Engineer: 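First the structure, then my questions, so here it is.
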Amino acid sequence: MGMLPAALLLLSSAAMLLSTLVLYKQRVLARDLYAVEMFGRIDTLCFDKTGTLTCGTAADVIRTGAREMLAFFRKAGVDVYLLTGDMPEQAALIARALDIEGPVVDLAACPAPLEEAIRTAGVFANAAAAQKADIVAALRAEGRCVGMVGDGVNDVAAFRTADCSVAMGYGSDAARTVSNLVLLDSNFASMPQVVKEGRRSINNLQRSASLFLQKTIYSTVLGVLFIFLSASYPFEPI
């Protein structure tokens, strides 16, 4: 009994539940228990443009906090991709305004396979819903942990393909239902907090797992030792 890390599952669930409650106070809804931890592991983020990074108006105004949020992720070592159904010229204009690096690939006339394009490009224009999902799948195939941020029905396929998905609170019902995380007030300032909380949860789980591993090794060595000794096992499991 002493060798079994029986309390680790309970401790892990409690840590993730605590993270979920902390983020809810920041107006971020986690739709499953592992969403916060998974978002803390991401190294690649894909963003929809219209309605997500921009307001979706005729002037295509960049949303408040979008630049600061993207700067945070770049500083944290997360690769950023822009996936949009817009024409390449408009996509390039928004990408420059948000400092998203890499050339623009027009998916309506993409000559190279996606696996090659994602190694150099940072912006994908004329992207249909299925193509967004294909890009996310290609990134995951390279061993990346991929997050997808969007707001519309055309992002649902990519949400299902990504390791962790984030929907805007004002987005479509389908997007909110499928996503792992929902920004209830559509505030980008909450996203860095999700990363910090996710990484804090990961660190706590790693420390807890290390403690239980040491206990298991200690109990196993003692158990084997007292098989060959005449004395009884010195601890009584409770």
Side-chain angles (χ1 to χ4, degrees), residues 1-46 69 72-80 136-149 158-167 176-184 188-238:
M1 291 295 295
M3 299 176 193
L4 299 176
L8 183 58
L9 179 60
L10 176 62
L11 188 61
S12 301
S13 299
M16 288 183 281
L17 179 60
L18 178 61
S19 296
T20 299
L21 294 175
V22 168
L23 288 177
Y24 187 73
K25 294 180 180 180
Q26 302 287 332
R27 302 294 293 158
V28 178
L29 174 64
R31 297 185 57 84
D32 59 72
L33 199 58
Y34 298 96
V36 179
E37 179 197 358
M38 184 56 69
F39 196 78
R41 296 181 184 276
I42 60 169
D43 53 34
T44 304
L45 261 181
C46 298
M69 178 267 299
F72 167 84
F73 282 109
R74 282 193 293 267
K75 187 176 180 181
V78 177
D79 294 330
V80 174
V136 172
L139 289 167
R140 292 189 66 195
E142 290 197 337
R144 303 185 187 215
C145 187
V146 184
M148 176 68 195
V149 185
F159 278 8
R160 293 184 182 276
T161 309
D163 292 291
C164 188
S165 54
V166 182
R176 294 197 306 270
T177 300
V178 171
S179 65
N180 302 111
L181 297 165
V182 181
L183 305 182
L184 295 176
F188 281 134
S190 304
M191 291 186 66
Q193 184 60 36
V194 179
V195 174
K196 293 175 183 177
E197 191 62 32
R199 293 181 177 178
R200 186 188 68 82
S201 178
I202 292 169
N203 290 335
N204 287 341
L205 291 175
Q206 288 176 337
R207 285 194 294 266
S208 300
S210 176
L211 175 64
F212 276 97
L213 178 61
Q214 293 175 35
K215 179 183 76 72
T216 298
I217 293 174
Y218 178 67
S219 300
T220 302
V221 171
L222 279 179
V224 172
L225 180 64
F226 276 88
I227 290 176
F228 303 100
L229 297 179
S230 57
S232 60
Y233 190 75
F235 302 109
E236 180 180 352
I238 59 173

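All values reported here derive from a predicted model rather than from experimental measurement.
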Engineer: For Phe72, does the CZ atom have more than 12 heavy-atom neighbours from other residues, nucleotides or ligands under 6.0 Å away?
Structural biologist: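 Yes, CZ of Phe72 has more than 12 neighbouring heavy atoms, counting only those of other groups under 6.0 Å.
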Engineer: Once rounded to the nearest 0.5 Å, what's the spacing between atom CZ of Arg176 and atom CG of Leu181?
Structural biologist: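 It comes to 14.5 Å.
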Engineer: Please report the closest heavy-atom contact between Val28 and Ser190, naming both atoms and the distance.
Structural biologist: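 That closest heavy-atom pairing would be CG2-CB, 3.5 Å.
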Engineer: For the pair Arg140 (side chain) and Thr161 (backbone), establish whether a donor and an acceptor sit closer than 3.5 Å, ignoring hydrogens and angles.
Structural biologist: yes
Engineer: Return yes if a side-chain donor-acceptor contact under 3.5 Å exists between Arg207 and Asn204, otherwise no.
Structural biologist: yes
Engineer: At their closest point, which heavy atom of Pro192 faces which heavy atom of Ala189, and how far apart are they?
Structural biologist: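 Shortest heavy-atom separation between Pro192 and Ala189 comes out as CD-O, 3.4 Å.
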Engineer: If every non-hydrogen atom of Cys145 is compared with every non-hydrogen atom of Met38, which pair is closest and at what distance?
Structural biologist: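 Answer, listing the atom of Cys145 first, then Met38: SG-SD, 3.7 Å.
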Engineer: Verify the neighbour count for atom OH of Tyr218: are there more than 12 heavy atoms of other residues, nucleotides or ligands below 6.0 Å?
Structural biologist: no
Engineer: Mind checking whether Asn180 and Tyr34 have side chains closer than 4.5 Å, heavy atoms only?
Structural biologist: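 No - every pair of side-chain heavy atoms lies 4.5 Å or more apart.
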Engineer: Using salt bridge (charged side-chain N to carboxylate O under 4.0 Å, His left out) as the criterion, point out the one residue from Asp79, Asp43, Asp163 that pairs with Arg144.
Structural biologist: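 Exactly one candidate clears the test, Asp79.
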Engineer: Hey, could you give me the OG/CD distance between Ser19 and Glu37, rounded to the nearest 0.5 Å?
Structural biologist: 9.0 Å
Engineer: Closer than 3.5 angstrom, by distance alone: can the side chain of Ser210 be matched with the main-chain N or O of Gln206 as a donor-acceptor pair?
Structural biologist: no
Engineer: How long is the gap from CG on Leu33 to OG on Ser201, to the nearest 0.5 Å?
Structural biologist: 8.5 Å
Engineer: Would a distance-only check, ignoring hydrogens and angles, find a side-chain to backbone donor-acceptor pair under 3.5 Å from Ser179 to Ser165?
Structural biologist: no
Engineer: Give, for atom CG of Asp32 and atom SG of Cys164, the distance between the pair rounded to the nearest 0.5 Å.
Structural biologist: 7.5 Å
Engineer: Phe39 versus Val166: any side-chain heavy-atom pair under 4.5 Å?
Structural biologist: yes
Engineer: Are Leu45 and Val149 packed together at the side-chain level, in the sense that at least one heavy-atom pair is separated by less than 4.5 angstrom?
Structural biologist: yes
Engineer: Within the structure provided, determine whether Val36 and Leu23 are in side-chain contact (heavy-atom separation under 4.5 Å).
Structural biologist: yes
Engineer: Roughly how far apart are Ile202 CD1 and Glu197 CD, rounded to 0.5 Å?
Structural biologist: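 The CD atom of Glu197 is 11.0 Å from CD1 of Ile202, to the nearest 0.5 Å.
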Engineer: So, do Phe159 and Val136 sit near enough that their side-chain heavy atoms are less than 4.5 Å apart?
Structural biologist: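 They are not in contact (no side-chain heavy atoms under 4.5 Å apart), so the answer is no.
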Engineer: Taking the side chain as every heavy atom from C-beta outward, state whether Leu183 and Met191 have any atom pair closer than 4.5 Å.
Structural biologist: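 Yes. Closest side-chain heavy atoms under 4.5 Å.
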Engineer: Roughly how far, to the nearest 0.5 Å, is the CD atom of Gln193 from the NZ atom of Lys25?
Structural biologist: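 Going from NZ on Lys25 over to CD on Gln193, the span is 12.0 Å.
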